[in-house]
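What you see is a predicted model; the values in this text were computed from it and never measured. Chain identifiers are assigned alphabetically (A, B, ...) following the order of the sequence lines, protein sequences preceding nucleic acid strands; residue numbering begins at 1 within each chain.
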Amino acid sequence: MCFENAARPMMSYDEVMRLALERGFYVPSCEIYADAPAGFWDYGPVGTAFKNKFVELWRREVLRRDEMVEIDGSQIMAKDVFVASGHLENFFDPIVTCTKCKTTIRADRLISEKTGKNIPERLSDHDYDSLLKENNVRCPKCGGELGQVSKFNMMFKVGVGAANLDTYLRPETCQSIFVDFPRFFKIMRGKLPFPMAQLGKSFRNEIAPRQSLMRLREFYQAEIEIFFNPDKVNDVEEFEEVRNYPLRLMRGEDTVEAVPCEKAVEQGLVPSRFVAYYLSLIQQFYEKAGIDLNRFRFRRLAEDEKAFYAKVAFDVEVQTSLGWIELVACNDRSDYDLKRHSEVSKSDMTVLDGDVKVLPNVFELSMGVDRSLYCILEHSLVKEEKRDVLKLKPQLAPVQVGVFPLVTKEGLPDKANQIYSTLKKEFQTTYDVSGSIGRRYRRLDEIGTPLGITVDFDTLKDDTVTLRERDSMQQSRIKVSEVLQKVRSYYYQEAQLV
RNA sequence: GCGGUCGUCGUCCAGCCUGGUCCAGGACGUCAGCCCUCCAAGCUGAGAACACGGGUUCAAAUCCCGUCGACCGCACCA
């Protein structure tokens with residue numbers, strides 16, 4: 001299958017940003033202050049509702065579906081956690097700055113380019129300095145003299161208590177899951193495979209955050225860590241459900257092939273049934289979340305692209321006006337994490353699988369929430385001839401239904417208000433009297449509200465109202481007494497209403 | 001972090017070069033009122049901005065410097 005889709009004209013980043021700022025999806029954090037650093041954004045009222053809906057969908061369609069347990073860990077974590085995880089050692093980049101043109105470059109890459117040798121990433125600053133000198137490496141850009149090698153740590157350090165104890169803001173939420181695993185596995189009477197999930201904030205001190213939600217210094221991750229027995233990766237009950245489900249796998253430079261799970265495993269495109277199952281799960285989730293699958297792919301990472309702990313890695317990537325964006329890292333972390341935590345903390349992390357003692361391996365689905373939200377917005381925003389409409393899945397709509405009096409005469413507002421009062425107890429509802437009815441429908445369209453209910457003069461005669469649907473703009477008349485039931489069935493059964 | 005471009009109402013844009021006519025103008029949106037029978041109609045009115053800090057000058061949105069931010073490119077993105 002080739003990538004030619006374009007079922008909809010691609011919306012641009014600028015248009016999504018305009019929507020975000022005008023309608024209150026997200027805005028720069030601390031924007032009234034000039035010293036606000038980049039890479040921090042606040043979700044507004046509409047954006048928060050949207051994010052909450054997205055997370056709820058994840059809980060329902062992924063966690064509850066597979067009986068995963070969810071935890072909520074602390075964001076500040078002990079230093080030794082990151083000694084064990086490898087972040088203190090590996091989360092540095094050795095960088096060197098040219099004294100002449102001020103370009104900053106990675107020292108290890110410079111040396112290996114010059115010498116053709118593989119240079120370890122984890123030498124001391126001093127070793128890098130000598131290597132640079134020995135090989136007479138100069139700035140590749142201007143030929144100028146290079147300065148001293150320094151290291152840039154991507155983790156935020158936090159001083160805790162009066163003693164200013166060194167701790168760190170977690171750079172990935174999964175560390176909470178790893179350190180909590182032994183206790184919760186026991187408490188929950190867990191059996192392998194045992195999936196633990198978490199939604200929370202992570203922090204990375206990016207050098208150059210850009211493009212609003214795409215690269216943040218403080219961001220939400222929704223992570224699932226599945227603890228499993230590596231000897232049983234093809235012994236997966238649930239595989240039956242997805243045997244014929246087509247995974248969208250990237251083949252070659254820019255083609256994507258939809259390969260049924262079974263075939264993908266047979267051909268070695270995906271290493272095991274276990275992995276194939278979870279890749280299906282995440283693809284199905286994004287489809288339900290409103291990502292256009294024609295612009296969705298799994299990309300298997302090459303050896304030199306993978307994170308230091310990953311044995312096998314697939315990225316979920318989604319095509320946007322900014323290019324292909326990585327939304328989920330699906331990594332086989334092997335026993336790296338539990339082994340390291342068990343070594344550094346000296347606690348036993350093995351568990352029983354049947355009557356065999358095993359140190360579980362971990363497969364993770366590490367989702368970037370903020371980026372996902374951006375991509376859904378971009379894929380959902382549609383410019384029609386007469387209007388901009390955000391065609392969000394009903395389940396993700398920040399506001400579910402709008403109620404309007406057609407005009408402000410003859411008690412129509414009172415009648416509309418009664419309906420509003422009933423609906424708002426159960427649904428996110430908005431009531432709007434301002435402007436022409438068409439204008440009010442447009443306001444709904446722009447934040448993706450699927451349903452509008454309009455009270456008119458006929459309502460006074462026969463107790464019926466107009467029900468208007470966002471995407472088709474079609475209208476139908478329903479009885480006032482049926483409104484609540486209709487809205488319920490729309491959201492709970494996703495029935496066609498009009 | 002480097003280089004280039006840039007930063008004016010909620011949004012988009014004019015004004016800047018050639019300082020004073022700008023307590024900043026327009027459009028769209030918002031709010032109030034009028035109008036009132038289904039997709040951004042019309043009329044009247046209102047509120048709303050020179051990113052921040054310093055400098056030059058009799059006078060700064062306008063010129064200069066710095067900081068922060070945005071966009072593009074490089075680098076970075078375990």
Side-chain angles (χ1 to χ4, degrees), chain A residues 13-15 17-24 27-40 44 82 85-93 95-98 100-106 109-110 121-122 139-142 150 152-155 171-172 204-212 214-217 219 301 305-310 313 322 325-326 329 331 333 366 368 371 384 386-389 404-410 412 433-446 452-460 465-470 472-475 477:
Chain A
Y13 173 78
D14 289 344
E15 280 159 310
M17 278 307 296
R18 181 201 57 77
L19 177 71
L21 290 172
E22 267 187 10
R23 295 298 171 196
V27 298
S29 181
C30 314
E31 63 176 331
I32 61 170
Y33 287 101
D35 64 348
F40 299 93
F82 304 110
S85 73
H87 284 91
L88 271 175
E89 198 183 341
N90 292 305
F91 218 45
F92 285 99
D93 284 326
I95 53 173
V96 63
T97 302
C98 171
K100 206 168 147 196
C101 72
K102 306 291 180 204
T103 304
T104 303
I105 318 153
R106 279 183 60 157
R109 293 207 182 162
L110 268 182
E121 272 183 48
R122 307 302 153 202
C139 174
K141 230 178 184 175
C142 71
S150 62
F152 180 76
N153 189 349
M154 304 276 290
M155 283 200 293
E172 49 180 16
R204 294 178 195 180
N205 202 359
E206 297 284 352
I207 297 172
R210 267 194 200 171
Q211 292 163 332
S212 64
M214 309 312 289
R215 244 174 107 199
L216 296 163
R217 287 183 165 132
F219 56 100
L301 300 192
E305 291 180 290
K306 292 185 305 191
F308 60 87
Y309 46 69
L322 299 171
I325 303 294
E326 177 196 338
N331 294 311
R333 302 177 68 125
S366 171
R371 289 176 169 196
E384 294 183 350
K386 286 189 158 178
R387 61 171 188 163
D388 288 356
V389 52
F404 318 114
L406 183 61
V407 294
T408 53
K409 290 203 301 196
E410 294 185 34
L412 295 190
V433 288
S434 168
S436 70
I437 191 67
R439 182 187 295 275
R440 284 174 276 165
Y441 287 149
R442 292 293 176 273
R443 290 191 191 117
L444 286 193
D445 290 341
E446 220 179 333
I453 288 164
T454 304
V455 168
D456 58 23
F457 291 114
D458 288 345
T459 310
L460 302 176
V465 291
T466 301
L467 180 64
R468 182 256 191 190
E469 200 268 333
R470 178 193 69 199
S472 64
M473 293 196 280
Q474 279 178 2
Q475 304 185 340
R477 282 207 83 80

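B:C68 sits 7 Å from B:C52 when the C1' atoms are compared, rounded to a whole Å. Spacing between B:C2 and B:A75 at atom C1', rounded to whole Å, works out to 8 Å. For the C1' atom pair drawn from B:A24 and B:U8, the interatomic distance equals 8 Å after rounding to whole Å. A gap of 29 Å separates the C1' atoms of B:C12 and B:G3, to the nearest Å. Between the C1' atoms of B:G47 and B:G29, the separation comes to 13 Å (whole Å). Comparing the C1' positions of B:U21 and B:U56 gives an interatomic distance of 23 Å, to the nearest angstrom. As rounded to the nearest Å, B:U18 and B:U62 have C1' atoms that lie 10 Å from one another. With P as the reference atom, B:C28 and B:A41 are 10 Å apart, rounded to whole Å.
Pairing for B:C28 is with B:G10, a Watson-Crick or G-U wobble pair whose two hydrogen-bonding atom distances lie under 3.5 Å. With a cut-off of 3.5 Å on both Watson-Crick or G-U wobble distances, the partner of B:C22 is given as none. With a cut-off of 3.5 Å on both Watson-Crick or G-U wobble distances, the partner of B:G42 is given as B:C34. Base-pair partner of B:U67: B:A51 (Watson-Crick or G-U wobble, both distances under 3.5 Å). Under the Watson-Crick or G-U wobble criterion, with both distances below 3.5 Å, B:C16 is left unpaired in every strand shown. Across all strands shown, nothing is found opposite B:C76 as a Watson-Crick or G-U wobble partner with both distances under 3.5 Å. Shown here, B:U57 forms no base pair; nothing in the strands shown gives a Watson-Crick or G-U wobble contact with both key distances under 3.5 Å.
For B:A41, the OP1/OP2 oxygens have a side-chain nitrogen or oxygen of A:Arg439 closer than 4.0 Å. OP1 or OP2 of B:C71 has at least one side-chain nitrogen or oxygen of A:Tyr13 nearer than 4.0 Å. The side chain of A:Arg443 places an N or O atom within less than 4.0 Å of a non-bridging phosphate oxygen (OP1 or OP2) of B:U30.
Comparing A:Lys306 and A:Ser436 against RNA chain B, the residue whose closest nucleotide sits nearer the 5' end is A:Ser436. Sequence order on RNA chain B of the closest nucleotides to A:Glu22 and A:Ala38 puts A:Glu22 first from the 5' end.
For the pair A:Lys409 NZ and B:C38 P, the interatomic distance rounds to 12 Å; values are reported in whole Å.
Without hydrogens or angle criteria, A:Arg440 side chain to A:Pro405 main chain gives a donor-acceptor distance under 3.5 Å. With hydrogens and angles disregarded, no donor-acceptor distance shorter than 3.5 Å links the side chain of A:Arg470 to the backbone of A:Asp445. With hydrogens and angles disregarded, a donor-acceptor distance shorter than 3.5 Å links the side chain of A:Asp456 to the backbone of A:Asp458. With A:Arg204 contributing its side chain and A:Met154 its backbone, the two residues share no donor-acceptor pair below 3.5 Å.
Remark: the A:Arg440 side chain and the B:C38 base include no donor-acceptor N/O pair separated by less than 3.5 Å. Judged by distance alone, with hydrogens and angles left aside, A:Gln475 brings a side-chain donor or acceptor within reach of the base of B:C38, the pair sitting under 3.5 Å. With hydrogens and angles ignored, a donor-acceptor pair closer than 3.5 Å exists between the side chain of A:Asp456 and the base of B:C38. Contact of A:Tyr441 with B:C38 (side chain to base): a donor-acceptor pair of N or O atoms is detected under 3.5 Å. Donor-acceptor pairing under 3.5 Å, judged by distance alone, is present between the side chain of A:Arg210 and the base of B:G73.
Looking at A:Tyr309 and A:Ser85, their side chains never bring a donor and an acceptor atom within 3.5 Å of each other.
Using a 4.0 Å cut-off between a side-chain N of Lys or Arg and a carboxylate O of Asp or Glu, A:Asp388 and A:Arg23 do not qualify as a salt bridge.
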